[in-house]
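This report refers to the structure that appears directly beneath it.
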2 protein chains.
Amino acid sequence: MQSAAEASDSPLTERQRDVLDAALGLLVEAGDALTMTSVARRASCSKETLYKWFGDRDGLLTATVQWQASKVRGVTVRRDGLDLASLTSGLERFASDWLRVLSGKISVALNRVAVSHAGSDKRDLGAIVLENGPFAMARRLMPLLEVGRDAGLLAFDDTEDAFRTFFGLVVRDVQIRLLLGDRFELTDVAIDGEARRATQQFFALYGAHTNAAG
Amino acid sequence: MQSAAEASDSPLTERQRDVLDAALGLLVEAGDALTMTSVARRASCSKETLYKWFGDRDGLLTATVQWQASKVRGVTVRRDGLDLASLTSGLERFASDWLRVLSGKISVALNRVAVSHAGSDKRDLGAIVLENGPFAMARRLMPLLEVGRDAGLLAFDDTEDAFRTFFGLVVRDVQIRLLLGDRFELTDVAIDGEARRATQQFFALYGAHTNAAG
DNA sequence: ACCGAACCGTAACGTACGGTACGGCAATTG
DNA sequence: CAATTGCCGTACCGTACGTTACGGTTCGGT
């Protein structure tokens with residue numbers, strides 16, 4: 001009868017959002033060593049309240065991941081202006097944003113905890129991260145790719161396959177290295193360069209003027 | 001005074017290797033829920049022996065990861081026969097082997113536990129996995145790429161950059177999806193197809209007959 | 001046959017942490 | 001102003017697990 005934010009996506013109160021932000025910060029700092037007591041202390045709330053609101057530790061983690069996911073969502077790509085330049089800049093911006101999110105401390109921490117809990121039979125954090133990470137990227141990017149194909153700028157048969165190649169060209173080994181704790185300097189200018197390279201290579205593979213082999 | 005296999009890489013006894021194999025199996029089945037008691041039971045040895053040999057739980061995990069790493073090592077690529085066909089088949093075989101290892105249960109389990117422990121201030125499992133995973137792949141593949149360039153078959157400036165692109169083309173989103181627990185069917189024929197596609201795309205980007213843009 | 005080392009099995013210890021209970025306070029409601 | 005509600009702070013409980021200790025057994029060396 002209680003448990004406001006556990007199973008349903010009822011809107012969170014501001015206090016609850018503050019608590020989840022505290023949990024998020026702690027997750028970034030301490031990783032999976034995050035304890036209920038530490039969250040309660042950081043958020044200046046009682047453990048009882050945590051359990052009333054989120055059910056159990058897993059519910060708190062789930063709510064935290066979803067809360068972060070709800071923040072990132074919404075940067076949709078406009079699909080008007082179908083010329084080559086705007087498609088190129090659209091892909092570049094996309095790749096750039098993606099790398100920026102991917103290499104952020106919050107993303108790394110969230111992916112870490114989701115990977116840690118994957119395979120467990122409890123609530124699947126991995127599915128949530130997957131849904132709001134790669135899959136969300138696919139849902140947003142694939143329409144753009146198809147618009148580009150309809151405009152005669154790109155050539156491919158399988159949209160998902162094209163997306164996954166773009167993913168590979170953008171991310172390469174960055175994410176796994178970050179997750180495994182490799183010290184990694186990825187400045188803003190480096191990210192922009194990576195985005196440009198990936199986009200250029202993608203056009204080399206899927207541009208309509210080159211070939212259509214898939 | 002004791003601790004045979006903790007810090008140094010003194011050769012393991014057969015019994016120790018059996019114990020580590022048991023730990024490995026348990027790691028695949030239970031993931032990070034692996035307990036010292038379960039390892040002792042599975043390996044039919046006493047906990048006292050585990051602590052004498054490996055120091056503590058972290059030492060056992062480290063030894064297990066290193067033990068698996070020592071098994072995989074050694075599949076080097078021959079670099080004679082520098083024609084296009086052998087280079088192509090070499091890259092394809094490389095990509096195929098890599099995907100096969102990457103999608104194996106053991107690799108997934110090891111990467112999971114390494115990611116879970118990354119950022120911890122104890123022994124860095126992430127570094128070990130990184131060293132025997134992506135970095136080992138780079139060390140083995142980059143010479144082959146350079147041989148291909150010297151033979152006039154490939155064109156690139158930065159070898160590491162070329163390798164990382166190959167990595168992206170081969171792995172794409174497979175690894176992160178596996179780590180996050182996405183149910184994933186990757187049959188042997190699918191892997192071979194992926195390897196062929198990645199190699200073909202790599203030649204499209206870095207083949208000497210196409211362009212040399214980097 | 002005897003000794004000591006290595007090791008098995010198990011019991012026991014300490015602690016950390018998830019989860020619960022309870023007393024007190026502040027705000028809201030009637 | 002009494003009553004209810006919601007929440008903080010803290011103490012508490014149960015348990016799981018890392019770690020240690022110890023008695024009993026096997027086995028190679030002398």
Selection residues 108-118 of chain A - residue pairs positive for salt bridge (Lys or Arg N to Asp or Glu O under 4.0 Å), sequence neighbours left out: none
Residue list, salt bridge (charged side-chain N to carboxylate O under 4.0 Å, His left out) with E146(A), at least two apart or on another chain: none
Listing time: all N or O pairs from protein to nucleotides 25-27 of chain C that are below 3.5 Å?
none

Selection: residues 20-33 of chain B, any non-hydrogen atom under 4.0 Å of DNA chain C: none
Residue list, side chain to side chain contact (heavy atoms under 4.5 Å, CB included) with D192(A), at least two apart or on another chain: S96(A), R100(A), R196(A)
Spacing between F54(A) atom CZ and dG18(C) atom C1', to the nearest angstrom: 16 Å
Sugar-phosphate, base or nothing in reach of L60(B), heavy atoms under 4.0 Å: nothing
Spacing of CG belonging to D161(A) relative to OG1 belonging to T165(A), to within rounding of 0.5 Å: 5.0 Å
Check: L34(B) main-chain N/O paired with R57(B) side-chain donor or acceptor under 3.5 Å: yes
Donor-acceptor contact below 3.5 Å, side chain R197(A) vs main chain L169(A): yes
Least distance between heavy atoms, V28(A) atom then A109(A) atom: CA-CB, 3.7 Å
Sort me out a list of protein N/O and nucleotides 6-9 of chain C N/O pairs below 3.5 Å, or just none if empty.
residue: dC8(C); atom: OP1; partner: R15(B); partner atom: NE; Å: 3.3
residue: dC8(C); atom: OP1; partner: R15(B); partner atom: NH2; Å: 2.9
residue: dC8(C); atom: OP2; partner: S46(B); partner atom: N; Å: 3.2
residue: dC8(C); atom: OP2; partner: T49(B); partner atom: OG1; Å: 2.8
residue: dC8(C); atom: N4; partner: E48(B); partner atom: OE1; Å: 3.0

Where chain B begins and ends its contact with DNA chain D, read 5' to 3' at 4.0 Å from heavy atoms: dC17(D) to dC22(D)
Side chain to side chain donor-acceptor pair (under 3.5 Å) contacts touching residues 174-183 of chain A (sequence neighbours left out): D173(A)-R177(A), R177(A)-D182(A)
Those residues that, when tested against D18(A), pass side chain to side chain donor-acceptor pair (under 3.5 Å) (two or more places apart): none
Pairs where residues 122-141 of chain B contributes a residue and the test ring-ring contact (aromatic ring centres under 6.0 Å, His included) is met, not counting sequence neighbours: none
Beyond-backbone contact of F203(B) with L91(B), side-chain heavy atoms, under 4.5 angstrom: yes
Where at least one partner belongs to residues 125-139 of chain A, residue pairs that pass salt bridge (Lys or Arg N to Asp or Glu O under 4.0 Å), sequence neighbours excluded: E131(A)-R139(A)
F202(B): ring-ring contact (aromatic ring centres under 6.0 Å, His included) partners, not counting sequence neighbours: F166(B), Y206(B)
